[in-house]
There are 2 protein chains.
Amino acid sequence: MKKTLSIKDIALEAGVSITTVSFILNGKAKEKAISDFVTKKVEKIIEDSGYKPNQLARSLRTGNSNIIGLIVEDISNPFFAAIAKMIEYKAYKKGYKIIYSSTENEVAKAQDLINMFKSRKVDAYIISPIKGIEDDIKALINDHKTVVLFDRDLAGLNIDYVGVDHFKASCDATLALVEGGRKNIALVTIDLDVKQITDRQAGYREVLEKHKLFKEELILKIPFSQSEAETEQQMKELFSQNKVDAVLFATNYLAISGLMVLRTLAVKRDKDFEVIAYDDHIVFELLTPQVSAVQQPLEAIADKIIDLVLSRLSTKEKKLPQQVIFPAKLILRKNT
Amino acid sequence: MKKTLSIKDIALEAGVSITTVSFILNGKAKEKAISDFVTKKVEKIIEDSGYKPNQLARSLRTGNSNIIGLIVEDISNPFFAAIAKMIEYKAYKKGYKIIYSSTENEVAKAQDLINMFKSRKVDAYIISPIKGIEDDIKALINDHKTVVLFDRDLAGLNIDYVGVDHFKASCDATLALVEGGRKNIALVTIDLDVKQITDRQAGYREVLEKHKLFKEELILKIPFSQSEAETEQQMKELFSQNKVDAVLFATNYLAISGLMVLRTLAVKRDKDFEVIAYDDHIVFELLTPQVSAVQQPLEAIADKIIDLVLSRLSTKEKKLPQQVIFPAKLILRKNT
DNA sequence: CTGAAAGCGCTTACAG
DNA sequence: CTGAAAGCGCTTACAG
């Protein structure tokens, strides 16, 4: 078995120096005035031998890698999976590869991932951050790394951020329920102190207080990593121990669990009981009646993220950080 | 702003050689008989400075990376997302990181990804392969790399593979429909020449032919990358131009599109019309009536994959390739 | 038009 | 108990 080829082997075979091979490899043949004859010859040898430069060595030398690190909460969450896929697609066309990884909402794992990306010299970081990694992100910034946050903002960091106005979206959703004549609107949310969640809670609260409909006992905060069964049990209690005629679910998976519970309890979703879910999902269109949802503009978010990253990467000069906030869309599905 | 620390800086500050620092870094202090005093001192400096070794340099030197490359068709497909998440979780605990990427069923992209992983010196490859990359995989094997295939097998390659008996699963599903008294059982599948899909078609066909119920016109093969709208249109035609009393969907997303179509056509899924979907999905439990599905043992698959990889990685000696085939589980949901 | 040499940050065989 | 030096495979400033 032949060992991996190196630039030295190519140079040897072509009878030129490795410098020359390197120039040709990097498309600098013209610039460096390598003769056409030599260029062709070397290119042929490279082609025939199937030689691929060792990117590790290249990165070690140049300090960059054409790799963008993407850190999300959970890649199996459809929201992140969709964003990741679109980002990957666009980045790929520009010659960048994406490495993604999930934090599972653990600070230690998030820090670990940042360190791993750092020690692998990724060119840029796209991070859906969690509280507790502010300092790590600051360190990246101080290091002049390209960092774009998304989904969740982190207080006190003045850097590129792409997000959605969750407060407004939540107000809209709650208001739609109020205007539909609901008096006992529950909120099922996750017990996580991240802005994109607390904003949703705040919007719900603000609208209900304004309409004198706010009831503390109708808020259910589900601990992040508890079992599915416990979650369903708590929802069951919420729905059976209180008079509830509408519910706003703050996340996708909570909505799905919740719908399952409502199904078990044989609660009819009709003109007397309405549901709005946060983050749209294909299921919601399939159910009868369909389920209303707050839809985040996935493609716009992904586009903006990758645009920001690529533009930061291509210019030396520091531009001011951009905070891009998209509106979410409330999809009311009143048909049956 | 201070530049990144290197081992040299640590050695300088500690007043020892970089050799000594390297030994300590790699836990060889005892083995190399470095004095306790020096060890403690160096460790303290490392700790205080926040120094992290450059993995690129380490990999360049040692030839391995503690990174496992995972190549799937589409990371936003729930099946792959779930597998990826589980593999990542287990690998992480063993000190391995996972990089994943999607091929989108394009041979060129798949080859590109393999090359990228190769040039980054990943320690192992986990691949859900597509036809056309046999040679690339062979090259990896010849290079003594650890490669584990899953989901889809590739003819002519005798290497580690973890999969599911799709032929059997498809037979079971079709048989369940036949035994339920269905006479006109349609198959909606994807027009892809990969074993895990063709096996499903073969199982369907075999059972129907045996029962003299096979009808060519009830098979609909959807081109892989056509628009959602076209797909739905074709399904509409299938259902309206033929007498159909049951349908087997060969993939998850086809089933979801199909259910949407059936909903539009106001086809009632009742004792006169039955659906079985391939790959289970949370939606199927939420619908009324619920939808039967073929369930792949995700966790068992993920476990086996990562076990194989880790065991290959930890032993020098070549073991015989393992072909692990799990049975799928038919979940009949007859309740309403 | 082309090459010798330094250096990126590590690891490790060898020497003392 | 510890260090000098070679080398992993590249890129690039400098020299001719």
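So you know, we letter chains A, B, ... as the sequences are listed, proteins then strands, and number each from 1.
Listed by chain and residue number, A:Asp199 satisfy the side-chain hydrogen bond (donor to acceptor under 3.5 Å, both in side chains) test with A:Lys195 (two or more places apart in sequence, or in another chain). Checked against ring-ring contact (aromatic ring centres under 6.0 Å, His included), B:Tyr125 has no partners two or more places apart in sequence or in another chain. Under the side-chain hydrogen bond (donor to acceptor under 3.5 Å, both in side chains) criterion, A:Asn158 pairs with no residue, sequence neighbours left out. Contacts of A:Leu12 classified as side chain to side chain contact (heavy atoms under 4.5 Å, CB included), with partners at least two apart in sequence or in another chain: none. Take B:Ser128 and apply the side-chain hydrogen bond (donor to acceptor under 3.5 Å, both in side chains) test, not counting sequence neighbours, and it matches no residue.
Residues of residues 11-24 of chain A that place a heavy atom closer than 4.0 Å to DNA chain C, in numerical order, are A:Val16, A:Ser17, A:Thr19, A:Thr20.
Atom CG of A:Asn26 is separated from atom P of D:dC10 by 11 Å (rounded to the nearest Å). Straight-line distance from the CG atom of A:Asp9 to the P atom of D:dG9: 8 Å, rounded to whole Å. Remark: P of D:dG3 and NZ of B:Lys8 are 16 Å apart, rounded to the nearest angstrom. Straight-line distance from the CG atom of B:Leu60 to the C1' atom of D:dA6: 13 Å, rounded to whole Å. Here C:dT2 presents its C1' atom at 12 Å from NZ of A:Lys41, a figure rounded to the nearest Å. What separates CZ of B:Arg120 from C1' of D:dG9 is a distance of 13 Å, to the nearest Å. Spacing between atom CG of B:Leu56 and atom C1' of C:dC8 amounts to 9 Å, rounded to whole angstrom units. Atom pair B:Ile7:CD1 and C:dG7:P shows a separation of 18 Å (rounding to whole Å applied).
Nucleic acid contact class of B:Tyr51 (heavy atoms, under 4.0 Å, all strands): sugar-phosphate only.
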Cut-off 3.5 Å, no hydrogens considered: what does the side-chain donor-acceptor table look like for residues 66-84 of chain A, sequence neighbours left out?
unit_1, atom_1, unit_2, atom_2, d
A:Glu73, OE1, A:Arg152, NH2, 2.0
A:Asp74, OD1, A:Ser76, N, 2.8
A:Asp74, OD1, A:Ser76, OG, 3.0
A:Asp74, OD2, A:Ser76, OG, 3.3
A:Asp74, OD2, B:Lys85, NZ, 3.2
A:Asn77, OD1, A:Phe79, N, 2.8

Subject >> Dot-bracket summary - DNA chain D, pairs being Watson-Crick or G-U whose distances fall under 3.5 Å, with | when paired to another strand >> reply: |||.||||||||.|||

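Screening residues 10-20 of chain A for side chain to side chain donor-acceptor pair (under 3.5 Å) gives A:Ser17-A:Thr20 as the qualifying pairs, with residues at least two apart or on separate chains.
Residue B:Ile87 holds its CD1 atom at 9.5 Å from OH of B:Tyr100, rounded to the nearest 0.5 Å. Taking OH from A:Tyr89 and NZ from B:Lys109, the interatomic distance works out to 9.0 Å, rounded to the nearest 0.5 Å.
Take the nearest nucleotide of DNA chain D for B:Val38 and for B:Arg61: the residue whose nucleotide is more 5' is B:Val38.
Distances shorter than 4.0 Å separate none of the side-chain N or O atoms of A:Asn54 from OP1 or OP2 on D:dC8. Note on B:Thr62: every side-chain N or O is 4.0 Å or more away from OP1 and OP2 of C:dC10.
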